[in-house]
Amino acid sequence: MTLNIKFAAKPTKDTDTVIIGVYADNNLSTASDALNVDTANLIESFLGKQESFKGKSGQIITAPVLDEGKTRILLVGLGDPDKIDGSAAETVGGKLYVALKSIGSKSAAFILGDDEEPENISTADMGAHIAMGVRLRGYSFLKYKTLDAEDESPELGTFTIAGKDNKKSAKTYEPLGHVAAGMLWARDLVNEPPNMLYPESFAKMIKDELKPLGVEVEIFDEKKLEKLGFKAQLAVGMGSARTPRTVVMRWNGKAASKKKSQPLAFVGKGVTFDTGGINIKPSGGMEDMKLDMGGAAAVVGLMKSLALRNAKADVVGIVGLVENMPSDRAYRPSDVIGSYSGKTIEVLNTDAEGRLVLADCLTYVQRKYDPALVVDLATLTGAMMIALGHEYCGTFVNDNDLWENMESASKSTGEKLWRMPLDAAFKKEMVSSIADVKSLGNGRYAGACTAAGFLEHFIEDNRPWAHMDIAGTAWVKSDSAICPKPGTGFGVRVLDKMIADHYEGK
Ligand code: BES
Ligand code: MN
Ligand code: ZN
């Protein structure tokens, strides 16, 4: 069942749980429209008797019931009115979802207070972000479950933001809802098992989803890739019976102005399963490697968000889809392979496959579309996870303006980016003695940086470029405030926001 997010002046008739916000120090956010004076007084006096509930952000308590027991009241802490912002409100929404699910609510309504406006966000916008938190945390991936779990409570069917400012909330929610749709699709794709999602099936899923939304979708099969010369991506795919695909997507949102513009390009690593190949990975944890297409999932999720909100930007997305398998046909460590760029590559470890796939897609998109900038997303290195964990996405950028735009989008969406160094030394380290470049650095240190140094060999004409290593942020090992494990859809939101704030209408 999908969760319905609604905006209305009053809680709908079927509401079983009314939610009221409480600022720090139990300062009730009253809503005269929705709460009569008696009820407000009742809650005030109830709050006055609480020892441990202090209105801390995300704290939740149930209060005496309304309507002779038909409607529950949940009081939720909003924290200090000076501190709450969009991200904090989403966390509150996420916690609310978990509480509502555990008490078995089917229809809940959050009442917009009409007295105190927080410092950094309007009450109406706070409501929109609470709804976003509910939507993101309320995601689940249950398509392969056929048995009803005994202890499952019913799904929350409706979440309403109620109050006189509900229309303002709805307006703020509109673009958030579109970006949520892109993120949740990206999560679905990451969560799909690799026997279901492999290059051919993934390409079809992309086409089926995006074409009806007005995105042009082109699929290159193995033959076409051979003709075009995607030699590095094909080398990675040689070991698998599931042949590679590359998918190119175009969203022409500026078309009206007719003026030919340089599009923005987004490139995603889509390794549908990474065994490591001949340099096979150890057994423990290998099951996590279904997430190795998280970069591709983010790119296609972004295309979906852009199309849904009819973004006024020209964007090209490209994802290299391939399965990395060991077999008698697989590529080997020490192989020298070609690439779309013409550069030769010495393969030193078949588990460093993502950079090979990206290299071909990066060159192709630059030469074919002459983009104004290129951003790639890839679950590229374990080293990135060691450095920044699941919290931050290490971002390598060769252009300060581009970085500023990414950083401001990061701050306003809560998808955290941390700038990492691109340095001539890392690039130089990737020069090979037998071929033009080699796929591994000299030792095991700075593995995320040498990977970026390798990619830099495939950036042409000093084009503004960012490489986002999402190895840690594409997935989580345990549920977080606004995301159940594992797939997160990371990248969709920050890039959608960057485009909206900095590249539309220009
Ligand atoms: N897909 C992995 C990186 C990865 C590891 C992503 C853990 C998410 C979680 C990548 O293809 C890989 O295997 N990288 C190697 C590179 C090494 C051989 C230079 C790594 O990080 O060990
Ligand atoms: Mn690998
Ligand atoms: Zn990989």
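Read the numbers this way: they start at 1 and go in the same order the structure lists the ligands and their atoms.
- Asp221 and Lys223 are not joined by a salt bridge, as no carboxylate oxygen comes within less than 4.0 angstrom of a charged side-chain nitrogen.
- Here the heavy atom of the protein found nearest to atom 12 (C) of ligand 1 is Asp351 O, 3.2 Å.
- Donor-acceptor pairing under 3.5 Å is recorded for the side chains of Arg419 and Asn400.
- Both the sub-6.0 Å distance and the 45° axial angle are satisfied by Arg187 relative to the ring of Tyr139.
- Given atom 2 (C) of ligand 1, the protein heavy atom at minimum distance is Asp274 OD2, 3.6 Å.
- With waters neither drawn nor counted, the protein N/O/S atoms under 2.8 Å from the Zn ion (ligand 3) amount to 4.
- Under a 4.0 Å N-O distance rule, the pair Lys281/Asp351 qualifies as a salt bridge.
- Looking at Gly354 next to ligand 1, no N or O pair under 3.5 Å apart turns up.
- Backbone and side-chain nitrogen or oxygen atoms of Thr381 are examined, and none is located within less than 3.5 angstrom of a nitrogen or oxygen of ligand 1.
- By the definition of a contact as any protein heavy atom under 4.0 Å away, atom 21 (O) of ligand 1 is in contact.
- The pair Lys101-Glu155 meets the salt-bridge criterion, since a charged nitrogen lies less than 4.0 angstrom from a carboxylate oxygen.
- Cation-pi check for Arg137 over Tyr97 is not met; the charged atom does not lie both under 6.0 angstrom from the ring centroid and within 45 degrees of its normal.
- Near Glu353, with a cut-off below 4.0 Å to any heavy atom, the atoms of ligand 1 are 11 (O).
- Listed by number with element, the atoms of ligand 1 under 4.0 Å from a non-hydrogen atom of Thr379 are 1 (N), 2 (C), 3 (C), 6 (C).
- At a cut-off of 2.8 Å, measuring from the Mn ion (ligand 2), the protein N, O or S atoms that fall short of it are Asp274 OD2, Asp351 O, Asp351 OD1, Glu353 OE1, waters left aside.
- Scanning all protein heavy atoms for the shortest distance to atom 14 (N) of ligand 1 gives Leu380 O, 3.5 Å.
- Between atom CD of residue Glu174 and atom CG of residue Leu308 there is a gap of 10.5 Å, rounded to the nearest 0.5 Å.
- Side-chain atoms of Glu216 and Leu210, non-hydrogen and from C-beta on, never get closer than 4.5 Å to each other.
- A salt bridge links Lys416 with Glu391; the closest basic N to acidic carboxylate O contact falls under 4.0 Å.
- When the heavy atoms of Arg355, Met293, Met289, Lys281 are ranked by distance to atom 16 (C) of ligand 1, first place goes to Arg355.
- Taking every heavy atom of Ala471 and a limit of under 4.0 angstrom, the matching atoms of ligand 1 come to 6 (C), 8 (C).
- Considering Met303, Lys207, Arg250 in turn, Met303 is the only one that fulfils the side chain to side chain contact (heavy atoms under 4.5 Å, CB included) rule with Val215.
- Asp496 and Arg309 are joined by a salt bridge, as a carboxylate oxygen and a charged side-chain nitrogen come within less than 4.0 angstrom of each other.
- Distances from ligand 1 to the non-hydrogen atoms of Arg444 include no value under 4.0 Å.
- Listed by number with element, the atoms of ligand 1 under 4.0 Å from a non-hydrogen atom of Met385 are 7 (C), 9 (C).
- Salt bridge annotation for Glu460-Arg367: present, with a cationic side-chain nitrogen under 4.0 angstrom from a carboxylate oxygen.
- The pair Lys427-Asp423 does not meet the salt-bridge criterion, since no charged nitrogen lies less than 4.0 angstrom from a carboxylate oxygen.
- Using a 4.0 Å cut-off to heavy atoms of Lys269, the atoms of ligand 1 that qualify are 1 (N), 10 (C), 11 (O).
- Lys224 forms a cation-pi arrangement with Phe220, by the criterion of a distance under 6.0 Å to the ring centre and an angle within 45° of the ring axis.
- Salt bridge status for Arg493 with Glu90: present, with a side-chain N to carboxylate O gap under 4.0 Å.
- Nearest protein heavy-atom contact of atom 19 (C) of ligand 1 is Leu440 CD2, 3.2 Å.
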